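First comes the structure, then the notes that go with it.
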Amino acid sequence: MKELIKELVEVYGPSGEEAAVRALIEEKIKESVDRTFTDSLGNLFALREGAPPLLMFSAHMDEIGVIVTHIDDKGFLRIAPVGGVAPHLLVGQRLRFKNGVLGTVHHEKIKELKELDWSKLYVDIGAADGDAAKKRLRIGDMACLHQPFVDLGGRYMAKAMDDRIGCAILVEVARRLPPSLPQGVCFVFSAQEEVGLRGATTAAYRLDPGYGFAVDVTMVGDTPEAPLMAVSLGRGPAIKVKDRSLLCHPRVRELMVETAEKHGIPYQLEVLERGGTDAGAIHLSREGVPSGAVSIPCRYVHTPSEMVDAGDVEHAVELIEKLILLSWPSPDEGWT
Ligand code: CO
Ligand code: ZN
């Protein structure tokens with residue numbers, strides 16, 4: 001899986017510009033499903049046909065990034081965030097634009113770090129002047145972080161682990177599934193999660209699934225002076241209880257816990273006080289969809305060096321595979 005993860009995290013794909021990620025995933029998954037299709041928001045669907053209730057598993061393709069707001073006469077760019085980006089984490093970093101232009105982020109004179117906001121940041125792409133810069137980039141062009149994938153020895157570090165790790169997991173699950181399944185399953189590689197769960201909203205409406213699941217990263221509490229949180233790297237995938245976008249359906253959560261225990265898959269329970277996932281959009285679709293989420297513990301979410309544990313990734317694949325092989329009851333019959 002390591003090669004697949006490396007390929008996926010290194011692709012360019014800020015929110016709304018997921019085309020390269022989508023093409024790569026479609027290539028990797030098409031042999032493992034009955035059909036793939038896309039919609040006008042840019043979601044990619046990979047469907048294994050089967051009996052109802054349809055299971056929807058969603059991992060988002062987009063990553064955090066920045067967008068060009070202004071280009072001055074000296075050739076320096078001003079930028080705004082796309083998704084939840086902290087300006088101080090960009091200082092000294094390299095950016096890569098869709099057309100391959102590279103740049104570095106620096107800041108104007110400040111007395112204290114807290115003065116550092118987006119108005120103080122600029123990007124230098126090495127242009128001699130404004131005209132040279134404008135030949136390479138235009139207002140509205142986006143960039144992602146420019147960082148390679150590295151294996152630290154059982155732990156992987158890269159930009160865009162959020163949520164290409166979820167994409168890699170679903171591709172791997174699709175490859176491992178047997179020829180016959182108890183019910184249909186659709187793997188959704190969603191667009192525009194980082195700007196408000198937008199792709200998952202229309203994807204869930206279209207699929208009208210019986211159950212919905214997000215597969216995404218979650219934060220951890222195991223680093224120096226981290227906010228107290230009962231999730232650590234290396235202790236298994238997290239079964240979400242709650243985040244800012246949803247309260248997971250209690251019976252879905254129970255079935256997930258029972259499945260992990262039955263198969264001896266390590267897991268943790270997750271209460272995330274900040275952030276949301278695609279399941280937040282899915283569970284509010286139409287008349288409501290019982291939903292849950294499998295989360296991958298990740299250090300330094302929304303930084304250039306997001307870190308996950310290879311064992312957690314493998315166990316997440318196993319848990320999702322077992323969830324798909326479970327016979328799910330009709331959600332209409334007393335699922336409250
Ligand atoms: Co994110
Ligand atoms: Zn995410």
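Ligands are counted one by one from 1 in listed order, and the atoms in each one are counted from 1 as well. Keep in mind that this is a model prediction, so the values were computed, not measured. In what follows, residues are counted from 1 in the order of the sequence shown.
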D222 and R235: CA distance, side-chain angles, deciding distance, salt bridge (Lys or Arg N to Asp or Glu O under 4.0 Å) verdict: CA-CA 11 Å; D222 66 352; R235 295 195 187 157; over 6 Å; no
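The Co ion (ligand 1) has no N, O or S atom of H60 inside 2.8 Å of it. At a cut-off of 2.8 Å, E193 is not counted among the residues with an N, O or S atom near the Zn ion (ligand 2). For residue D162, an N/O/S atom approaches the Zn ion (ligand 2) to within less than 2.8 Å. Not one N, O or S atom of E193 sits under 2.8 Å from the Co ion (ligand 1).
Figure legend: R22 and F189 shown without cation-pi pairing, the cationic atom not lying both under 6.0 angstrom from the six-membered ring centre and within 45 degrees of its axis. Remark: R78 fails to qualify as a cation-pi partner of Y122 under the 6.0 Å distance and 45° angle criteria applied to the six-membered ring.
For the side chain to side chain contact (heavy atoms under 4.5 Å, CB included) test with P227, the passing option among M219, R274, E273 is R274; the others fail. Residue Q147 is tested with Q93, R96, E10 for a side chain to side chain donor-acceptor pair (under 3.5 Å); the sole match is Q93.
Closest N/O/S atom of E194 to the Co ion (ligand 1): OE2. Closest N/O/S atom of D162 to the Co ion (ligand 1): OD2.
Angle subtended at the Zn ion (ligand 2) by H60 NE2 and D216 OD2: 90°, rounded to 10 degrees.
No path of Ile, Leu, Val, Met, Phe, Trp and Tyr side chains, each step under 4.5 Å between heavy atoms, connects V173 with F45, placing them in separate hydrophobic clusters.
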